[in-house]
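Whatever order the structure lists ligands and atoms in, that order sets their numbers, starting from 1.
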Amino acid sequence: MIYPPTQANIEKAGTYIREGGIVAFPTETVYGLGASAFNEAAVKRIFELKSRPAFDPLIVHIWPASEIGLVADPQSNPLIASRLARLGMFWPGPLSLVLPKHPMLPRIVTGGKNSVAVRVPGHPVALALLRACGMPVAAPSANPFSAVSPTSAQHVEEAFGDRIDMILDGGPCKIGIESTVVSLLEEKIRILRPGAVTEEQLLEVFSRDQICCVRVDCKEQDTAEIRSPGMLSRHYAPKTPIALKGSIDMDQLPTRVGLIKFKEDRDTSNKMDFCVTSTLSKTGDPKEVAARLFATLRNLDKQGLNLILVDCCAEEGLGRAIMDRLRRAASPKK
Ligand code: TXA
Ligand code: MG
């Protein structure tokens with residue numbers, strides 16, 4: 001059930017988590033499905049609820065940041081410790097850091113890996129919940145595996161309804177796209193999943209030769225999926241097929257096509273007959289596009305369309321994360 005984030009409800013949610021329950025909560029990126037990171041049965045339940053493969057590790061949410069020593073062991077390596085200190089400026093915020101795992105953190109959380117992804121979410125309700133339960137919370141996005149991530153409490157309710165103890169409602173997520181996942185385990189800082197903390201922002205803290213990414217033009221792309229098991233190609237996908245504009249012959253479109261435009265245009269020439277057209281931003285602002293993208297995909301997915309055609313944007317800044325999610329959503333079913 002959906003609950004408003006009153007202090008009493010946040011306390012109640014904290015008690016549920018402490019006692020092994022499952023609570024969905026808002027973050028600035030997407031809604032998370034949270035359980036105590038130290039309760040193996042509760043974490044197992046999260047994997048079951050999501051039908052998530054056991055090898056795909058969860059992100060552990062902490063607050064205050066000083067709790068990091070409970071789940072990770074960054075001090076074991078001075079280089080990792082110093083990088084962590086510099087990246088701390090992005091916390092609370094949409095940045096998950098992959099660090100050596102603390103031996104006491106159950107392996108089920110990390111999908112059997114020796115590393116753990118940690119973040120401090122930038123949302124007051126998430127922080128209040130972490131404070132109320134007083135322990136690290138393992139939380140993947142609150143959607144069935146491979147489906148579109150939830151950016152509202154209603155999206156979580158549609159998927160999990162009464163099968164979880166509580167859904168805290170923090171309104172629509174401001175960022176709307178999952179956190180940037182960055183590994184500090186290797187010689188270079190590796191961006192495993194692009195997100196709202198952009199490569200450009202990381203380049204303000206580290207030099208170009210200290211950072212490695214998983215862009216299409218990056219030779220190391222192939223190994224990225226193994227390093228971050230969650231980055232499977234088909235992900236974030238509605239049931240309706242998706243095609244990116246430019247990747248499909250516009251003369252061969254099926255009937256009942258929906259269009260997602262990033263920007264309003266006044267060009268009325270060559271107007272095709274789309275069943276539905278959704279425009280994400282008046283000016284094409286990537287922040288607005290990201291914030292509305294997942295909810296719009298869900299909405300169009302309910303309209304019995306044969307195809308959802310989606311705009312593309314420049315692969316820079318937040319545009320890189322937007323195109324990453326769309327490419328995955330458009331990748332064919334295996
Ligand atoms: O914005 C977010 O990160 C949201 C909110 C709820 O915090 N969470 C989220 O979690 O997106 P999830 O489980 O949907 O995605 C976590 C990603 C997966 O791709 C997973 O493989 C990767 O992080 N990951 C987690 N732990 C890892 C590790 N130890 N090494 C490499 N990748 C890891
Ligand atoms: Mg997810």
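For Glu178 and Arg325, the salt-bridge test passes: some basic side-chain N is under 4.0 Å from an acidic carboxylate O. A salt bridge does not link Arg86 with Glu204: every distance from a Lys NZ or Arg NE/NH1/NH2 to an Asp or Glu carboxylate oxygen is 4.0 Å or more. Contact check on Arg163 versus Glu48 returns no salt bridge, with no Lys/Arg side-chain nitrogen under 4.0 Å from an Asp/Glu carboxylate oxygen. Ion pairing between a basic and an acidic side chain is recognised when a charged N comes within 4.0 Å of a carboxylate O; Lys261 and Asp311 show no such pairing.
Residue pairs that meet the ring pair (Phe, Tyr, Trp, His ring centres under 6.0 Å) test with at least one member in residues 9-34, sequence neighbours left out, are Phe25-His61.
The distance from ligand 1 to the heavy atoms of Glu178 drops below 4.0 Å at these ligand atoms: 1 (O), 2 (C), 11 (O). Of all atoms in ligand 1, listed by their number and element, those nearer than 4.0 Å to a heavy atom of Val30 are 4 (C), 6 (C). Near His61, meaning under 4.0 Å from one of its heavy atoms, ligand 1 places the atoms 5 (C), 6 (C), 7 (O). Proximity to Ser115 (heavy-atom distance under 4.0 Å) selects the following atoms of ligand 1: 28 (C), 29 (N), 30 (N). Counting atoms of ligand 1 from 1 in the listed order, those under 4.0 Å from a heavy atom of Pro140 are 10 (O), 12 (P), 13 (O). For ligand 1, the atoms lying closer than 4.0 Å to a non-hydrogen atom of Asp56 are 18 (C), 20 (C), 21 (O). Under a 4.0 Å criterion applied to the non-hydrogen atoms of Gly32, ligand 1 contributes the atoms 6 (C).
For Glu187, the CD atom counts as loosely surrounded, since its 6.0 Å shell holds 12 or fewer non-hydrogen atoms of other residues, nucleotides or ligands. Within a 6.0 Å radius of CG in Asp162, no more than 12 heavy atoms belonging to other residues, nucleotides or ligands are found.
Side chains of Leu184 and Leu87 form a contact here, defined as non-hydrogen atoms less than 4.5 Å apart.
Below 3.5 Å of separation, one finds an N or O of Arg193 facing an N or O of ligand 1. The shortest N/O to N/O separation between Ser141 and ligand 1 falls below 3.5 Å. At under 3.5 Å, a nitrogen or oxygen of Arg119, whether backbone or side chain, sits near a nitrogen or oxygen of ligand 1. Polar contact check, Ser179 against ligand 1: a nitrogen or oxygen pair lies under 3.5 Å apart.
With a heavy-atom cut-off of 4.0 Å, Arg52 touches ligand 1 through its side chain alone. When non-hydrogen atoms are compared, ligand 1 lies under 4.0 Å from neither the backbone nor the side chain of Thr110.
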>> Go through it in stages, so that I can follow the logic: the residues are His123 and Leu127, the test is side chain to side chain contact (heavy atoms under 4.5 Å, CB included), and I'd like the CA-CA distance, side-chain angles, deciding distance and then a yes or no.
In response: CA-CA 6 Å; His123 192 293; Leu127 297 182; over 6 Å; no
> Where do Ser146 and Arg328 land on the side-chain hydrogen bond (donor to acceptor under 3.5 Å, both in side chains) test, with the steps shown first?
Replying inline: CA-CA 10 Å; Ser146 290; Arg328 288 176 202 283; over 6 Å; no
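Considering only residues two or more places apart in sequence or on other chains, Pro144 meets the side-chain contact (heavy atoms from CB on, under 4.5 Å) condition with Ala147, Ala159, Phe160. Judged as a side-chain contact (heavy atoms from CB on, under 4.5 Å), and not counting sequence neighbours, the contacts of Ser278 are Thr296, Leu300.
Taking a cut-off of 2.8 Å, the protein N, O or S atoms nearer than that to the Mg ion (ligand 2) are Ser141 OG.
For atom 24 (N) of ligand 1, the nearest non-hydrogen atom from the set Pro57, Pro121, Gly34 comes from Pro57.
For the 3.5 Å distance criterion, the side chains of Arg292 and Thr151 fail to qualify, holding no donor opposite an acceptor.
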